[in-house]
Enquirer: 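Starting off with a structure, shown below.
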Amino acid sequence: MKVLLMSLNSKFIHTNLAIRSIKKYYETYHKSPDVVLEVKEYTINNDMDSVLRDVSKGEYTHIFASAYIWNIESLSLLFSNFSKINQTTKIIFGGPEVTYNAGEQLERHPFLDAVIIGEGEQSFGELLENMVKYGDALGLGRTRGIAYRTCRNLGAEIVINDPMPLIEPLDRIPFPYDALKSFENRIIYYESTRGCPYSCSYCLSSASLGVRYLSLERVKSDLTVFLQNNVSQVKFVDRTFNAKKSHALPILEFLIKNDNGITNFHFEITGTLLDEDYLCVLKNARPGLFQFEIGVQTTYQPTMYAIHRPIEFDKLKHICRALIEMGGIHIHLDLIAGLPFETFKRFLKSFDDVYDIGAEQLQLGFLKILKGTLLSQEISQHGYKIRSQAPFEVLSNNYMSFEELSKLKDIEMLIEYYPNSGKFKHSLVFFMNKMTLLPSDFFMKMSQYFNQNDYFSSPIGTYRLYEILCEYYFSIYGESDLFKDLLKVDYYYARLKGQRALFNYVEIPNFNNRRIDILKDLDFVTLHFGDQSKEIGKHLLKNVAFITLNYDIIALIKNGYKDVDMQPQLSVIMLNYLDMNQVKMVDVKMVRFL
């Protein structure tokens, strides 16, 4: 048998944890000399004809593919074509997109021979073992956790076998990665738990009961491998990382104590479960060590109860602001448009509530009706109209029209362009303060400007976004060198380089030589660079930017972005880029350039 385990990832930087875990489990508990096992990852952005040719060259007897909501359409296209040129290779899907309607998937896709239901490690290993012993047909019949068709003929019988028990203890699953150097600049996915303690009606995790945990000793051992290999990012896929304090807190303490100064760890957490013990530990974390993704979804209580997700929003807001004030932990908040009972107007209130927290990112998502969720059983009750193709996003419901959801799509794009990009940190706050509007009203008006100028119709480059924001500001308040200066500060603050026509540049005699002289001043360097002060002169110059401004922008920021009586004042600021996690701005007094 020659077997391929494959996936179509959403992006190249992503890795597929499932197929690696299945491979390692098989090699640990079931490995047979009669099986040659290969693993390949592609993306949905690859040309499917190229993938088809590559898969065909492998001459595999069995192909197992990991199916998700984002790749099921591409997988279906790929293997419907594959089956036209190859009738002998067995095609088997697994994953969340086929687990909850395995029989329907087999009826719909004639190329599909079988589906692995639920956890794949044990079923995959048992299936290969049985196929080696008894052949394909009997092997399928003898394996738990499998749905299969008796043949590819129309009307063939579809059989669903007994379920495979869940893996207990979870430590039985081997560490899934090897050759970590090959994952440079890619996100590594990792799980320390399986399952979720909650039953949110829109989420697939609600279909499984209980949470299973890797032992703390095992987790620390695994994380040590990532830290020793200096991987750039590890993303925990635990549905609620901090579901159990005695599990989550020691892991955070371990990562802080063993921080390598490079690796970033991303967690999905429930904000209201954080308490003073967590905050006490987290205050010791290096800036950039942790990212927390916190699902808010809505602040409307009837909707919270309808989706089985009641939260104390005031407590959540307090915790999030405490984390933000602490500094250094990237906070990502989620909202979902299209949930039961939430009208367009009420969703804008949820948006304003969450935007007001001040997190680094706010993801405005749109409800998708997933197979196997409680909400998929309430479609008629709420009048859901759903897209026919994956990812089965909601088009409208009894509470929000397609036109209203379309307006929110425009706002979503603006949120990604501006606040979420982190490239308009100061200019956007100034603009919004000046408009004195609720965040939802501000972005609604901006979306109208974008639509009037047809800016949503094609992709927009980064520099063009600065120009458009400037144009929009000028259309309301007239031309302003102060706003141009704010945009200029943001442009360089975002580590973007090169002179741009949009910005004003003031000629100061001997400017370049004066920059070098300043960076040779050991007192100045020690004050502003601390332990990095050994990198002086021209070497340090590569990691900083000096920019001239017509206004004292640092004073404006300290004054809460209030520009009342703000007068032109030639100034110079230095941006320190040495810390990869944050840029520092330093006011360099003009006297040093005289």
Side-chain angles (χ1 to χ4, degrees), residues 358 418-419 422-436 442 462-463 465-530 540-579 582-594:
Y418 288 103
K423 294 180 171 67
F424 302 86
K425 183 178 176 67
H426 305 100
S427 52
L428 192 63
V429 173
F430 175 82
F431 198 168
M432 294 180 74
N433 286 355
K434 197 172 184 70
M435 290 277 277
T436 63
F442 177 85
T462 298
Y463 173 61
L465 289 172
Y466 285 87
E467 292 182 316
I468 292 172
L469 189 61
C470 190
E471 292 167 9
Y472 180 45
Y473 183 91
F474 286 4
S475 73
I476 300 171
Y477 297 109
E479 292 201 19
S480 165
D481 283 340
L482 174 60
F483 193 67
K484 278 189 172 184
D485 271 3
L486 279 162
L487 288 169
K488 184 178 182 180
V489 168
D490 278 341
Y491 186 82
Y492 288 95
Y493 192 89
R495 302 175 189 266
L496 301 170
K497 296 183 178 180
Q499 291 201 356
R500 295 292 188 173
L502 175 63
F503 308 132
N504 296 318
Y505 294 91
V506 181
E507 292 293 330
I508 296 178
N510 297 316
F511 185 73
N512 288 335
N513 291 334
R514 296 303 299 145
R515 290 184 303 165
I516 295 172
D517 290 342
I518 289 171
L519 294 177
K520 287 180 179 179
D521 182 336
L522 290 181
D523 289 337
F524 178 87
V525 172
T526 302
L527 176 63
H528 295 296
F529 297 93
L540 189 55
L541 191 60
K542 295 176 182 178
N543 294 290
V544 299
F546 287 83
I547 60 174
T548 58
L549 302 166
N550 289 308
Y551 288 84
D552 188 345
I553 296 301
I554 290 182
L556 175 70
I557 295 168
K558 289 179 179 178
N559 195 37
Y561 298 92
K562 297 173 184 175
D563 62 338
V564 178
D565 300 324
M566 194 81 180
Q567 299 299 318
Q569 179 183 337
L570 187 61
S571 62
V572 178
I573 66 171
M574 181 189 74
L575 296 114
N576 174 4
Y577 300 135
L578 278 172
D579 189 334
Q582 58 182 343
V583 176
K584 298 175 183 177
M585 290 198 301
V586 178
D587 182 7
V588 183
K589 300 302 180 185
M590 272 302 299
V591 67
R592 302 185 75 105
F593 284 91
L594 295 178

Enquirer: Side chain to side chain contact (heavy atoms under 4.5 Å, CB included) with S475: which residues, sequence neighbours excluded?
Expert: Y449, Y472
Enquirer: What's the verdict on salt bridge (charged side-chain N to carboxylate O under 4.0 Å, His left out) for D517 and K520, showing C-alpha distance, side-chain angles and the deciding distance?
Expert: CA-CA 5 Å; D517 290 342; K520 287 180 179 179; 5.1 Å; no
Enquirer: Ignoring hydrogens and angles, tell me if any N or O in the side chain of Y505 forms a donor-acceptor pair with the backbone of R500 under 3.5 Å.
Expert: yes
Enquirer: Under 3.5 Å, side chain of Y466 to main-chain N/O of F503, donor-acceptor pair present?
Expert: no
Enquirer: Determine whether a donor-acceptor pair (N or O, by modelled atom type, separation under 3.5 Å) exists between the side chain of S571 and the backbone of Y551.
Expert: yes
Enquirer: Is it the case that atom NZ in K434 sees more than 12 heavy atoms from other parts of the structure closer than 6.0 Å?
Expert: yes
Enquirer: Please walk me through it: do F431 and F442 pass ring-ring contact (aromatic ring centres under 6.0 Å, His included)?
Expert: CA-CA 9 Å; F431 198 168; F442 177 85; 5.2 Å; yes
Enquirer: Going by the rule salt bridge (Lys or Arg N to Asp or Glu O under 4.0 Å), which residues pair with K562 if we only count those two or more places apart in sequence or in a different chain?
Expert: none
Enquirer: Keeping Y418 on the side-chain end and L465 on the backbone end, is there a donor-acceptor pair under 3.5 Å?
Expert: yes
Enquirer: On a heavy-atom basis, which atom in Y463 and which in A501 lie closest, and how many Å separate them?
Expert: OH-N, 3.6 Å
Enquirer: Quick one: which residue pairs count as a salt bridge (charged side-chain N to carboxylate O under 4.0 Å, His left out) with a foot in residues 466-492, not counting sequence neighbours?
Expert: R464-E467, R464-E471
Enquirer: Closer than 3.5 angstrom, by distance alone: can the side chain of D521 be matched with the main-chain N or O of F524 as a donor-acceptor pair?
Expert: yes
